[in-house]
Each structure stands twice: as C-alpha cells, then as structure tokens.
Amino acid sequence: MEWNLDDSRSIWPQLREQIMRAIVAGEYKPGDAFPTVRDLAQDAGVNRNTMQRAMAELEGDGLLITNRTSGRKVTDDQKLILKIKEELAQKNIENFIDEMQSLGYTAEEAVKMAERVTEKKGVNDK
Amino acid sequence: MNTNTLVECKNLTKAFGGKRALDEVNLQVGRGKVVGLLGPNGSGKTTLIKILNGLIMPSYGEVFVDGSRPGPYTKSVISYLPDKTYFADWMKVKDIFDLFEDFYKDFNREKAEDMCAALGINPKDRIKSMSKGTKEKVQLILVMSREAQLYLLDEPIAGVDPAARDYILSTIINNYNEEGTVLISTHLISDIERVLDEVIFLRNGQIIRHESVDGIKEKEGKSIDDVFKDTFKLVPYMGYGYENEAKKGECSSDR
C-alpha cells in the first residue's frame with residue numbers, strides 16, 4: 001500500500017484515514033483477510049504500537065473485525081462501507097467548495113466550473 | 001518484578017571533574033515502547049546510556065532497570081549498541097556469534113544468521129575485510145537478535161548513508177522484543193521520529209521534556225524535528241555589530 005505521512009501531525013490518525021480510504025476504494029475487499037499489525041507497520045515504516053492504535057480505531061469504526069480464530073478481516077457490511085465512502089466524498093466536496101470560496105468564487109460558480117472541467121476531461125477519463 | 005516501569009532514575013547525577021554531565025535526572029520509562037533520547041552533542045545522552053548499562057557509576061543518585069541496580073542481572077536483560085564498533089579485527093562473524101551465544105541466554109543465533117544472510121554477509125567473513133557500514137550492520141544484527149527487556153542504542157544511524165539508515169531503522173522496529181523497550185539516542189530526528197512513541201529532550205544534563213510524540217504533535221502541530229530545532233536553537237556569531245539572529249530578523253521585517 002502507498003503511505004503518505006505528514007510528520008507535523010500524529011501518525012495514527014493518518015494511518016487510520018489511509019486504510020479507511022483503501023477499504024472504501026476496494027483495495028481491500030469486504031470480508032477479505034486483513035494484513036497483521038506487524039506486516040502493515042513494516043510496510044508503512046512505523047512502529048507496531050502506532051499501527052495497533054490505528055487498527056483498534058478502525059475496529060471501533062466497524063471497518064475491521066477481529067475474530068479470535070481466523071484473525072482480522074475487512075467487514076462484509078457493505079452498507080457501512082458505502083456510508084463511510086459517502087462521508088468521505090461529502091468531506092471532499094466541502095473541501096473543494098471551501099477552497100474555491102477562498103479564491104473568491106461562489107459555491108454555484110464552483111460547481112459550474114467543475115461541470116465544465118469534467119465535460120472536457122470526460123473524453124479522456126473513461 | 002514485572003511492574004510497568006522498566007527504567008527508573010532518581011536524582012541521577014554524574015560529574016566529570018567540575019562539569020555535570022547529568023544533573024539530578026529523574027526519569028521513568030515504561031515497557032513496550034520506542035523512546036527517543038534526543039539532545040545536542042554533549043547534552044548527556046551517552047553518559048545516561050552508559051550508567052544504565054553499568055559501564056560507569058553515577059556520582060550520586062540511583063538507577064534501576066527492571067527493578068534492579070546495574071549489575072549482572074541488568075546486563076542479562078539489556079542489549080546495548082555502543083556508539084563505536086568494538087569487535088577485534090581478526091574475528092569472523094561466526095566467532096562473534098559464538099561469543100554472544102556464550103554470554104547471553106536470550107541470543108537467537110538462527111535469527112542473526114538469517115539477518116546476515118539477507119544482507120549477503122558470510123559467517124566466515126572477517127571483520128577486517130568489512131566496510132564501516134557493514135561492521136555497523138553486523139553489530140546491530142547482534143544487538144537486535146537478543147530477546148532483551150531494554151535495548152540501548154547509542155547513535156545507531158549516525159555516520160551511515162540514508163539507504164543504510166532505512167535498513168537499520170526497519171531492523172530495529174521489526175525485531176525488538178514486544179514486551180521490551182527501545183531507547184534510541186540520536187540527533188538525526190527527522191529520520192527516526194516516525195517510529196517513536198515517546199521522546200526525552202536532554203539539555204546540559206537535564207531532562208527538559210519527556211512526553212508522548214502524539215501529545216507534542218497535538219499541542220504544537222509540528223514535527224518533533226521542528227520542535228527540537230526550536231528548543232535547541234543556537235544563535236550564530238554574526239560578526240561585530242550584530243546583536244543576534246532574532247534581532248536581525250526583526251529589523252529586516254520592519255522594512
């Protein structure tokens with residue numbers, strides 16, 4: 001997995017966020033076995049306590065399930081995954097609008113511009 | 001004996017002549033943590049590590065590791081990486097493995113052999129034939145192949161290239177005994193801050209800060225490297241007529 005960590009913020013919330021994104025983006029499929037704390041910590045270059053904390057939070061979020069016999073897996077609750085996906089999307093849109101407003105556009109103008117840009121880009125997109 | 005405190009120092013002081021290398025240090029460190037011992041050159045990092053190790057005696061004050069004063073028991077639970085290599089030139093890697101096997105019950109020879117093999121180091125290689133970087137790697141492999149309670153690593157990444165630094169750091173965080181604590185002294189903070197749970201800032205032999213990394217980041221919104229630089233900022237001598245760096249900054253921003 002690709003990790004993108006910023007040292008000016010606590011590491012575990014960033015790990016949590018990036019794993020969350022990987023799950024909603026389908027990089028880890030619902031019901032799939034999930035890597036161990038040890039392996040993921042090694043992959044991200046962080047210590048195990050930090051990765052453990054991130055995973056515990058994701059268990060709290062319901063995205064990861066720990067089973068005593070079969071280890072850790074991704075939840076198969078697709079509704080929950082979809083809900084979190086939509087929350088992340090909502091946050092992205094809010095960020096976009098905030099950013100455009102700080103440039104002096106109204107929300108409406110921002111949306112219109114976004115439409116125009118996607119129309120142009122749409123040809124190459126899919 | 002297995003309390004939560006692994007290392008405890010009470011009023012620990014070490015004077016060399018009139019100079020106090022450690023000055024009334026009070027410290028408690030728990031188990032299962034990766035702790036950075038950070039401070040500029042001459043702040044007392046190596047002195048503290050040597051006292052914990054039982055290599056030098058404090059002038060006064062007390063120190064306990066896993067409930068005991070430094071002695072044969074603490075040496076059996078501490079795995080120490082000194083700031084220089086100490087192997088005799090004529091030795092082969094195999095000889096050093098034998099030595100560690102004799103000295104330390106918790107030495108996992110198989111692990112050490114596997115780690116050497118992964119680096120392409122032959123157990124029959126002589127220390128003499130190795131580069132400085134390879135010697136340092138061999139030494140680290142030995143230290144991390146013990147199932148110790150306390151790993152004392154004195155400047156493990158100083159003087160090696162960035163690729164070797166990554167190797168050393170991942171070797172440390174992937175191989176320490178999970179119930180044990182790792183104490184890493186360094187001034188190369190940006191390279192290691194991502195693996196730390198806690199930091200201790202030393203200045204002139206005194207602990208001026210001992211906090212969790214998350215706590216510091218939440219409070220200050222800065223990397224530990226930046227916090228360190230702010231804490232230990234030195235004012236350079238600018239030549240006659242300049243008062244100091246900060247003043248100079250003020251003047252130019254006025255314009």
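Order of the sequence lines sets the chain letters (A, B, ...), proteins ahead of strands, with each chain counted from 1.
Atom CD of A/Glu94 has more than 12 neighbouring heavy atoms from other residues, nucleotides or ligands inside a 6.0 Å radius. Heavy atoms of other residues, nucleotides or ligands lying less than 6.0 angstrom from CG of A/Asp61 number more than 12. Taking a 6.0 Å sphere around OH of A/Tyr105, one finds it holds 12 or fewer heavy atoms contributed by other residues, nucleotides or ligands.
Of all heavy-atom pairs between A/Arg38 and B/Asn174, the closest is NH2-O, 2.8 Å. Contact detail for A/Asn47 and B/Val195: the closest heavy-atom pair is ND2-O, 2.6 Å. Taking each heavy atom of A/Ile11 and B/Arg194 in turn, the nearest pair found is CD1-CG, 4.0 Å.
Atom OG1 of residue A/Thr50 and atom CG of residue B/Leu196 lie 9.0 Å apart, to the nearest 0.5 angstrom.
For chain A, the option among B/Asp197, B/Val34, B/Asp225 with the highest count of heavy-atom pairs below 4.5 Å is B/Asp197.
For residues 37-51 of chain B, heavy-atom neighbours of chain A at less than 4.5 Å comprise no residues at all. Contacts from residues 208-220 of chain B to chain A, taken as heavy-atom pairs separated by less than 4.5 Å, involve B/Asp214, B/Lys217, B/Glu218 in sequence order.
Although no hydrogens or angles enter the test, the distance criterion places no donor-acceptor pair under 3.5 Å between the side chain of A/Asp7 and the main chain of B/Ser190.
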